[in-house]
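In what follows, chains are A, B, ... by sequence order, proteins preceding strands, each numbered from 1.
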2 protein chains.
Amino acid sequence: MNEAPHLTFDPDTPGVSRGHLVVPGGSDRGELSLPVFSLNKGEGPHLLVTGGNHGNELEGPIVARRLIKWLPKEQICGRVIVLPVLNPLAVEAWSRNTPLDGLNLNRVFPGRADGSVTQRIADAVSRVLLPMADTVFDLHSFGPTWDFPPAATTHPIADPDLMARTVRTAEAFKLPLTLVWQHNDTAGMFDIEAQNQSKVFVCAEFGGGTVGADNLAIYEAGVRNALISLRLVEGKAEYPTFRQRKSSQSLETRLSDQLKSPARGIFEPRCSVFDEVNQGDIIGVLHPIDSLTAESTDIRAQGLSIILGIGSGSYVHANEVVALVARPLKL
Amino acid sequence: MNEAPHLTFDPDTPGVSRGHLVVPGGSDRGELSLPVFSLNKGEGPHLLVTGGNHGNELEGPIVARRLIKWLPKEQICGRVIVLPVLNPLAVEAWSRNTPLDGLNLNRVFPGRADGSVTQRIADAVSRVLLPMADTVFDLHSFGPTWDFPPAATTHPIADPDLMARTVRTAEAFKLPLTLVWQHNDTAGMFDIEAQNQSKVFVCAEFGGGTVGADNLAIYEAGVRNALISLRLVEGKAEYPTFRQRKSSQSLETRLSDQLKSPARGIFEPRCSVFDEVNQGDIIGVLHPIDSLTAESTDIRAQGLSIILGIGSGSYVHANEVVALVARPLKL
């Protein structure tokens with residue numbers, strides 16, 4: 001290790017700065033320079049916006065670029081730091097994890113200075129950028145193989161005050177969905193590290209499927225709405241139109257809300273996002289691939305719920321998650 | 001080679017038959033049994049419907065399954081043979097090509113009896129199933145990384161009579177798009193082999209992106225419309241609703257209609273399918289991944305045209321196709 005991670009500029013300088021977050025090299029590869037934008041307008045909230053945590057979720061990097069384009073004209077106070085691509089190695093490979101060490105960046109926080117490249121990225125972000133922010137928006141999506149609505153999400157947080165502030169900030173995106181997500185695979189997430197430092201952290205899940213112009217406008221509107229609520233920019237927050245509706249729901253989902261494939265075969269989705277289903281309703285059908293005489297299997301709802309996400313029609317293995325359901329959020 | 005490819009049943013038997021197309025084993029792997037459905041109602045058209053030619057296009061296998069479900073109640077004459085999954089090895093790997101030999105099934109027709117597994121599948125289809133049909137529908141899609149409308153397509157065909165009949169059959173799907181596609185990578189396509197045998201061959205391109213319930217209903221309606229026009233089933237053909245419109249366009253596209261990325265970087269789509277663009281209009285933007293000071297590059301329309309397909313926002317390499325445009329079809 002030749003040096004400590006650092007920014008190539010001083011973000012306390014008033015106005016716009018552009019430079020890099022330097023992630024020191026290690027035994028697996030040399031130094032990385034991640035492009036960073038900063039706009040300092042003095043007193044006010046300190047926001048960090050990141051994208052490209054997972055390399056096959058390009059909605060975040062594109063929306064971060066758009067934000068960088070209009071912030072100089074519109075930001076009225078505070079400081080916004082934008083890092084569009086946290087993990088360029090994964091983005092260049094269109095891969096969730098880093099090909100070089102096989103690690104998921106969003107499971108190795110706070111990282112290690114003497115670790116492999118993914119751990120060194122997490123370490124640089126945790127030590128250099130995170131202390132500069134009081135609020136963090138990490139821009140994800142559900143990737144190309146799921147239908148999922150544009151959402152602002154959080155996991156449950158033990159501190160009730162931080163939880164309330166986090167849900168309020170997530171709802172300020174005014175995206176079609178605000179989601180509290182309870183699962184047990186949270187060790188090493190960027191969220192946890194930020195919340196341990198008492199910061200408001202919202203994980204945006206910018207839909208699923210193809211990344212197209214119409215949906216990008218919705219995601220951009222969500223970030224703008226959140227910045228308006230933080231009073232970093234002026235304007236009127238509006239619900240964007242998603243599938244002909246201008247509305248928002250706050251839902252919660254648990255591990256037990258996952259619907260899994262009972263066997264391998266071709267999964268045929270029969271529901272769409274935000275459909276309400278009752279116990280026994282067919283959510284999808286599983287077709288065996290090797291026979292036209294064996295019966296197909298219906299995959300049914302376990303109870304009254306709302307379709308949160310549904311897998312794309314594809315070949316699935318036994319026990320693979322094919323749909324997620326949710327219910328109204330009770331805090 | 002232990003035997004010739006064959007069906008495990010006699011499709012001349014009246015009524016429904018279910019069995020397999022046996023693809024003999026070779027040096028790379030043993031015999032394959034591809035599930036086949038047949039419904040013989042005597043005199044009338046002989047139709048062959050295939051899906052799963054490419055393993056990451058599951059729209060076809062799912063629609064073929066639906067067809068098998070309602071044909072017994074609805075078919076009034078002729079014979080329909082359905083093979084939902086041409087290439088199970090590729091489907092199980094969610095891969096365009098066959099992992100075992102790396103071959104694209106749709107580039108090895110008419111296949112080889114003594115070749116690798118992909119070539120043996122093509123050989124079995126060419127020798128056993130193709131002679132049984134006068135019309136073939138091969139159900140493809142544009143895959144998960146493109147926005148593309150539901151379409152019935154053909155390449156230009158030298159024989160003007162066969163070309164006219166093919167376009168008429170493609171238009172009978174009443175999908176949002178009928179497309180004549182001119183490109184030079186047609187050697188070994190299933191289309192060419194079928195057309196060499198003077199058969200009407202329509203390649204359905206069932207959209208792009210996630211395979212969801214709403215779009216599957218459109219694709220199924222397209223196949224039903226085509227069967228109505230062949231008088232295999234009774235009913236009234238109707239334009240399905242795609243993005244709030246019930247309409248259809250007949251377009252043609254050429255190799256020179258591809259728009260390519262000028263460099264590597266993150267592609268941001270700025271247009272949607274069926275948008276009309278004029279020369280100089282921005283279709284997408286290419287962002288460098290390693291700098292926020294270097295300018296992004298606009299990718300612009302070369303002339304008056306209609307957006308046919310646009311790539312999902314993703315990391316692209318130099319010279320990668322990011323959009324396809326088209327113009328009204330003139331026969």
Are any of the side-chain heavy atoms of Leu292(A) and Val82(B) separated by less than 4.5 Å? no

Measuring only between side-chain heavy atoms, which start at C-beta, is Pro269(A) closer than 4.5 Å to Leu216(B)? yes

Give the member of Gly209(B), Gly52(B), Ala213(B), Pro35(B) that has the highest number of heavy-atom pairs under 4.5 Å with chain A. Pro35(B)

Is chain B contacted by the side chain of Pro84(A), its backbone, both, or neither, given a heavy-atom distance below 4.5 Å? side chain

What part of Val36(B) lies closer than 4.5 angstrom to a heavy atom of chain A: side chain, backbone, both or neither? backbone

Toward chain B, the part of Pro88(A) with a non-hydrogen atom under 4.5 Å: both

Chain B contact via Val91(A) - which portion, at a heavy-atom distance below 4.5 Å: both

Would you mind checking which part of Val285(A) comes under 4.5 Å of any heavy atom in chain B, side chain (CB onward), backbone (N, CA, C, O), both or neither? neither

Pairs of heavy atoms under 4.5 Å with chain B: top-ranked of Ile68(A), Ile266(A), Val273(A): Ile266(A)

Given heavy-atom pairs under 4.5 angstrom as the criterion, report whether the side chain, backbone, both or neither of Ile310(A) touches chain B. neither

Quick one: donor-acceptor pairs under 3.5 angstrom, chain B versus chain A?
{"residue": "Arg18(B)", "atom": "NE", "partner": "Leu292(A)", "partner atom": "O", "Å": "3.1"}
{"residue": "His20(B)", "atom": "NE2", "partner": "Asp290(A)", "partner atom": "O", "Å": "3.3"}
{"residue": "Arg65(B)", "atom": "NH2", "partner": "Pro288(A)", "partner atom": "O", "Å": "2.4"}
{"residue": "Arg65(B)", "atom": "NH2", "partner": "Ser291(A)", "partner atom": "O", "Å": "3.0"}
{"residue": "Arg66(B)", "atom": "NE", "partner": "Glu268(A)", "partner atom": "OE2", "Å": "2.8"}
{"residue": "Arg66(B)", "atom": "NH2", "partner": "Glu268(A)", "partner atom": "OE2", "Å": "2.7"}
{"residue": "Val211(B)", "atom": "N", "partner": "Ser312(A)", "partner atom": "OG", "Å": "2.7"}
{"residue": "Val211(B)", "atom": "O", "partner": "Gly313(A)", "partner atom": "N", "Å": "3.0"}
{"residue": "Asp214(B)", "atom": "OD1", "partner": "Ser272(A)", "partner atom": "OG", "Å": "3.4"}
{"residue": "Glu268(B)", "atom": "OE2", "partner": "Arg66(A)", "partner atom": "NE", "Å": "2.7"}
{"residue": "Glu268(B)", "atom": "OE2", "partner": "Arg66(A)", "partner atom": "NH2", "Å": "2.7"}
{"residue": "Ser272(B)", "atom": "OG", "partner": "Asp214(A)", "partner atom": "OD1", "Å": "3.4"}
{"residue": "Pro288(B)", "atom": "O", "partner": "Arg65(A)", "partner atom": "NH2", "Å": "2.4"}
{"residue": "Asp290(B)", "atom": "O", "partner": "His20(A)", "partner atom": "NE2", "Å": "3.3"}
{"residue": "Ser291(B)", "atom": "O", "partner": "Arg65(A)", "partner atom": "NH2", "Å": "2.9"}
{"residue": "Leu292(B)", "atom": "O", "partner": "Arg18(A)", "partner atom": "NE", "Å": "3.1"}
{"residue": "Ser312(B)", "atom": "OG", "partner": "Val211(A)", "partner atom": "N", "Å": "2.7"}
{"residue": "Gly313(B)", "atom": "N", "partner": "Val211(A)", "partner atom": "O", "Å": "3.0"}

